[in-house]
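First the structure, which I've put down as structure tokens, then a few questions once you've had a look.
Below, chain A is the first sequence line, B the second, and so on; all start at residue 1.
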Number of protein chains: 2
Amino acid sequence: MAQRVTVLDVAKAAGVHPSTVSRALKPETRSLLTDKVSARILEVASALGYRPNGIAASLRTRRSQTVGVVIPDITNPVFPPILSGLEEVLDAEGYIAMVANAGGDAERQRLVVDRLLARQVDGLVMATVARRDPVVDFCIAAGTPLVMVNRAEAARRVSSVVSDDALGMGLAIDHLAALGHRRIGLIAGPQHLSTGLGRRQGFTAAMERNGLAEDPAAVVFAAAFARDAGREAAGRLLDAAPDITAVMAANDLLALGVYDVAAERGLRCPEDLSVIGHNDMPMVDMVSPALTTVHIRHREMGMQAGRLLLSLMRSTSQGGVDVVLQPTLIVRASTATARA
Amino acid sequence: MAQRVTVLDVAKAAGVHPSTVSRALKPETRSLLTDKVSARILEVASALGYRPNGIAASLRTRRSQTVGVVIPDITNPVFPPILSGLEEVLDAEGYIAMVANAGGDAERQRLVVDRLLARQVDGLVMATVARRDPVVDFCIAAGTPLVMVNRAEAARRVSSVVSDDALGMGLAIDHLAALGHRRIGLIAGPQHLSTGLGRRQGFTAAMERNGLAEDPAAVVFAAAFARDAGREAAGRLLDAAPDITAVMAANDLLALGVYDVAAERGLRCPEDLSVIGHNDMPMVDMVSPALTTVHIRHREMGMQAGRLLLSLMRSTSQGGVDVVLQPTLIVRASTATARA
DNA sequence: CTGAAAGCGCTTACAG
DNA sequence: CTGAAAGCGCTTACAG
């Protein structure tokens, strides 16, 4: 109802030309006008309850002031803080986020991106990316400014913000080694995701650096970064390598799966088995035992992604930038001296 | 780059008028055309990589196929499942969600809504609403289809989807009463929110129904639905009413605050003190002891809100509908027989 | 069944 | 410093 007032109405009421109204309304061009004129226009506009139609402006300027964000599962607790940081940065510059919960399926993701592009988003943030990802090809072909967050693709063609997975695993393994653990199992994540691969490689490197032998039987792959997948993998791991004294999980949900299996089998944590996670997602300080884990600043990740995208959208930067955040180790109650 | 192709280009390439292209592209109007013509147009369009400009279409049709979602804090675990359900429903009908993390401040919320309206959203979902909320007045004045989710306003002017707070509290108190608890404390939430007020009223009604005396000293108000506020309130509660054998918390985060204080004071849960939460947010099954709580189907809540908004946007319904979801009680390890 | 015209509401070179 | 004109890319009555 209210949205019937247009620049033309304001112009008429103020006795000026529509173009003058337009100029009065944006702070950048307001200085072109006499103070008296712009003051009158502003007054009339607010009296009439005028609200500029952003769609019309977008069509004319070819900039929608809108950014598309593609997320695999908003329900995964790592994403909300990323989104929150991203929005804070974007919002300050007048951008609004179109958030799409796209799931893990590439076909569906492509459809979602297509819809976002049809909506003329000025930029795209993808949190869904696999190491080789056809959806990325699709985005690149569209020529829209693009940033990946949390995960990167193998062929580093696009700017990204990720955590230093090797560093994180290094901190964790150093901690276990210092506690006297020698036989450490790994529950690795999906290897088609950069986090899955990077953390597994980081594990191997850190074991080597600590002079520990990596037992092939003690490296097990989870089908997904999820608690039930962790449960399943933990079962396999403890069957194949019952002598391990510690389990490194590629993320916190997998670590919770380890908790489940340990409880089932009567293994006490940390007395019989130390467990480390990755992410430091909300609430893992409250589980029992409180989880030792690699802390990633997800909010900061989102903010950095926002800044990167902003500079891309303004052509301030050419892209090809990888921002790598340094994680830290949070020692809690799930790790202890290795059992004899 | 790709986005240079327009209806005009397609029309020229296909040897028809732009309006014919437009008709060929939408399934609804396609039947107006000869199969041969529309087939050729579709072919040419895809060959040229044509993607309709949604902004231009929106300007013309005055429908943006876009919905604004205002959330106080996406980082609060109740909201992601709501969002997920909402998007699923909206997405199926071709709508995209603009999600704004607006915080708790009314001034800022109004600004966010203003921006969403400027972007010409076809509808609005608010998860931020207080019992009396100036932002709602603002939205109503704008005349945009509006649905509230999770919380409702006092003066039921707008359609909403909420949980039956009285029922939830009833289930919880019945459970405690059955376990022999007579002196039950309440950590109530903020009373300016419908959930805070409704749960407190539900508590009182349920105590009465069970023939239990409500001790005024044993009802304490938390400043916010947050863990630290719960901690602070739990301290006050246990000081004022040290003889209580159970604490009912108005949500899970408050319940976790109770856990913190109980641990500090050497009270064992559930042996010395039973605790019940509200929401059944993710991970509360993993805390120690696993939290007994009132389960709300947040995803369903989002889906219902989506359907309500859809019918409002299509003028299929007049609004004024309140959808109330029935919660269930999930009994876990934080409640037990009352101590002697 | 298809075309020609108008217009959604804004902004921005171009004049003056 | 302000106005007049054109056009962003689409859709939809209106003709024929």
Side-chain angles (χ1 to χ4, degrees), chain A residues 2-42 44-45 48-66 94 115 117-122, chain B residues 2-42 44-45 48-66 94 115 117-122:
Chain A
Q3 190 57 8
R4 274 286 89 100
V5 186
T6 152
V7 280
L8 209 114
D9 300 320
V10 177
K12 271 183 198 152
V16 298
H17 195 268
S19 58
T20 309
V21 173
S22 176
R23 288 191 270 256
L25 257 27
K26 352 203 61 174
E28 308 90 89
T29 50
R30 182 140 61 227
S31 54
L32 293 172
L33 273 45
T34 319
D35 283 358
K36 219 184 70 180
V37 173
S38 61
R40 185 171 74 249
I41 292 174
L42 258 13
V44 170
L48 293 181
Y50 172 65
R51 190 190 340 261
N53 182 325
I55 294 263
S58 293
L59 178 59
R60 175 62 231 241
T61 61
R62 297 154 160 287
R63 314 191 65 254
S64 66
Q65 293 289 103
T66 260
R115 232 142 97 165
L117 291 174
R119 233 82 225 131
Q120 309 297 115
V121 292
D122 294 335
Chain B
Q3 189 58 8
R4 275 285 91 99
V5 186
T6 153
V7 279
L8 211 113
D9 300 319
V10 177
K12 272 184 200 149
V16 297
H17 194 269
S19 58
T20 309
V21 173
S22 176
R23 288 191 271 255
L25 257 28
K26 351 203 63 176
E28 307 91 271
T29 50
R30 183 140 58 227
S31 53
L32 292 173
L33 273 44
T34 318
D35 283 357
K36 218 185 70 180
V37 172
S38 61
R40 184 170 75 248
I41 292 174
L42 257 13
V44 169
L48 293 180
Y50 172 66
R51 191 191 335 266
N53 183 325
I55 294 263
S58 293
L59 179 58
R60 174 64 231 240
T61 61
R62 298 153 160 286
R63 312 190 66 252
S64 66
Q65 293 288 102
T66 260
R115 232 143 95 168
L117 291 174
R119 230 86 228 128
Q120 309 298 115
V121 292
D122 294 335

Next item on the list: Check the distance between C:dG9's C1' and B:I55's CD1 and give it to me in whole angstrom.
Entry: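 Whole-Å distance recorded here is 13 Å.
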Item checked: Dot-bracket encoding of pairs in DNA chain D, which uses [ ] for pseudoknotted crossings and | for another strand, Watson-Crick or G-U under 3.5 angstrom -> |||.||||||||.|||
Next item on the list: In whole angstrom, give the distance that lies between atom CD of B:Q65 and atom C1' of D:dC10.
Entry: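 Roughly 14 Å, once rounded to whole Å.
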Checklist line | A:T6 side chain to A:L8 backbone, donor-acceptor under 3.5 Å | finding: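 Answer holds: yes.
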Note to self: Below the 4.0 Å mark, does C:dT11 have OP1 or OP2 next to a side-chain nitrogen or oxygen of A:T29?
What the structure shows: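 No, because none of the side-chain N or O atoms of A:T29 sits under 4.0 Å from OP1 or OP2 of C:dT11.
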Next item on the list: Find out whether A:Q120 and A:T66 are in side-chain contact, i.e. whether some heavy atom of one side chain is under 4.5 Å from a heavy atom of the other.
Entry: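 No, too far: nothing below the 4.5 Å cut-off.
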Next item on the list: Please round to the nearest 0.5 Å and tell me the distance separating atom CG of A:L32 and atom OG of A:S19.
Entry: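 Taking CG in A:L32 and OG in A:S19, the distance rounds to 11.0 Å.
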Check: To the nearest angstrom, how far is B:K26 atom NZ from D:dG9 atom C1'?
Finding: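 B:K26 atom NZ is separated from D:dG9 atom C1' by 13 Å.
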Next item on the list: Classify every nucleotide of nucleotides 1-8 of chain C by which part a protein heavy atom approaches to under 4.0 Å, writing B for the base, S for the sugar-phosphate alone and - for neither, in 5'-to-3' order.
Entry: SBBB-BBB
Note to self: Rounding to an integer number of Å, can you tell me how far B:R119 CZ sits from C:dC10 P?
What the structure shows: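 Whole-Å distance recorded here is 12 Å.
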Note to self: Keeping B:R23 on the side-chain end and B:R30 on the backbone end, is there a donor-acceptor pair under 3.5 Å?
What the structure shows: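 No, B:R23 side chain to B:R30 backbone: no donor-acceptor pair under 3.5 Å.
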Note to self: Between C1' on D:dG9 and CG on A:L117, what's the gap in Å once rounded to a whole number?
What the structure shows: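 One finds 17 Å between C1' of D:dG9 and CG of A:L117, rounded.
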Checklist line | 4.5 Å side-chain heavy-atom contact, A:Y50 and A:V44 | finding: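 Result no, sub-4.5 Å side-chain heavy-atom pair not found.
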Notebook entry, point to check: Just wondering, do B:D122 and B:Q65 contact through their side chains at under 4.5 Å, heavy atoms?
Noted result: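 They are in side-chain contact.
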Note to self: To check you understand the geometry: which heavy-atom pair defines the closest contact between A:V37 and A:V16, and what is its length?
What the structure shows: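 That would be CG1-CG1, 4.4 Å.
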Note to self: Let's go through A:R119 and B:S64 carefully: what are the C-alpha distance in whole Å and the side-chain angles of both, what is the deciding distance for side-chain hydrogen bond (donor to acceptor under 3.5 Å, both in side chains) to 0.1 Å, and is it a yes or a no?
What the structure shows: CA-CA 9 Å; A:R119 233 82 225 131; B:S64 66; 5.8 Å; no
